[in-house]
Amino acid sequence: MQIVKETSGCQTLYLLTDEKVDHALGRAVISENDGEVRFHMLYVEPKYRGRGYGKALMKAVLSEAGSKLVTLCTGWVNVPFFKKYDFETTETTDSLAFMKRKSLDA
């Protein structure tokens, strides 16, 4: 398993690859502006879920983000996953949760 990082402007794509498979197993997309990281997407192909690939992508993104503020918007079903990585809900709608990673300085 390998994570390949591609940056274009303020957006970065993380592709999770495996030499045994001819396509990406998963991907994460972030953008960075003014020292804040915005998480746009984290996706693992359905047949590869439950193997720690989402965790690997998340750790790669958060490692790169360091102590910067990381924010995201996600559906309710994904909230427990992000809470594992110290994200907290800051605002909600009927179907969405806006989240930020808790301060690393606290």
Side-chain angles (χ1 to χ4, degrees):
M1 174 180 68
Q2 177 183 7
I3 296 177
V4 178
K5 185 174 132 181
E6 300 173 4
T7 301
S8 177
C10 67
Q11 196 167 63
T12 302
L13 168 67
Y14 294 80
L15 286 174
L16 180 71
T17 62
D18 187 319
E19 62 188 32
K20 300 173 192 168
V21 181
D22 64 353
H23 63 277
L25 306 176
R27 63 192 57 81
V29 178
I30 64 162
S31 61
E32 186 173 348
N33 288 310
D34 299 325
E36 179 179 331
V37 175
R38 178 73 174 172
F39 219 119
H40 296 283
M41 178 183 67
L42 180 102
Y43 178 79
V44 174
E45 293 289 335
K47 73 181 195 177
Y48 297 107
R49 292 180 185 166
R51 301 180 190 184
Y53 295 142
K55 179 180 183 176
L57 284 165
M58 194 69 182
K59 286 186 171 190
V61 169
L62 294 178
S63 174
E64 294 266 337
S67 62
K68 295 175 186 163
L69 174 64
V70 181
T71 61
L72 60 90
C73 176
T74 190
W76 282 103
V77 69
N78 301 318
V79 168
F81 175 81
F82 289 107
K83 282 189 173 187
K84 290 181 200 177
Y85 299 94
D86 292 327
F87 281 82
E88 60 189 354
T89 303
T90 57
E91 187 180 336
T92 62
T93 68
D94 289 342
S95 60
L96 297 173
F98 297 84
M99 303 181 83
K100 71 175 184 174
R101 185 169 55 158
K102 295 176 186 174
S103 172
L104 298 179
D105 300 328

Task: Given L72, V37, V70, the one that forms side-chain contact (heavy atoms from CB on, under 4.5 Å) with I30 - done: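 With I30 as partner, side-chain contact (heavy atoms from CB on, under 4.5 Å) holds for just one option, V37.
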Check whether any side-chain heavy atom of [X] sits under 4.5 Å from a side-chain heavy atom of [Y], and report yes or no.
X	Y	value
R38	C73	yes
F87	V79	no
Y85	M99	no

How many angstroms lie between atom [atom1] of [X] and atom [atom2] of [Y], to the nearest 0.5 angstrom?
X	Y	atom1	atom2	result
T74	H40	OG1	NE2	13.5 Å
T93	W76	OG1	CH2	8.0 Å
L25	Q2	CG	CD	11.5 Å
Y53	L42	OH	CG	14.0 Å
K102	K83	NZ	NZ	8.0 Å
T89	K100	OG1	NZ	11.5 Å

Open item on the list: Please verify the inter-ring angle class for Y48 with H23; under 30° counts as parallel, over 60° as perpendicular, anything in between as tilted.
Closed with: tilted
When you group the ILVMFWY residues by side-chain heavy-atom contacts below 4.5 Å and let the links chain together, are [Y] and [X] in the same group?
X	Y	value
Y14	V21	yes
M1	L62	yes
Y43	L57	no

Closest non-hydrogen atom pair, [X] against [Y]:
X	Y	result
A28	F39	CB-CE2, 4.2 Å
G66	R101	O-NH2, 2.6 Å
V44	G54	CG2-N, 3.6 Å

- [ ] Consider only side-chain N and O atoms of E32 and T12, and report whether a donor and an acceptor are under 3.5 Å apart.
- [x] no
Open item on the list: For E36, is there any backbone N or O sitting under 3.5 Å from a side-chain donor or acceptor partner on D34?
Closed with: no
TODO: Start with the C-alpha gap between R27 and E45, add the side-chain angles, then the distance that decides, and say whether side-chain contact (heavy atoms from CB on, under 4.5 Å) holds.
DONE: CA-CA 9 Å; R27 63 192 57 81; E45 293 289 335; 3.9 Å; yes
- [ ] May I have the step-by-step check of side-chain contact (heavy atoms from CB on, under 4.5 Å) for M58 and K84, ending in yes or no?
- [x] CA-CA 10 Å; M58 194 69 182; K84 290 181 200 177; over 6 Å; no
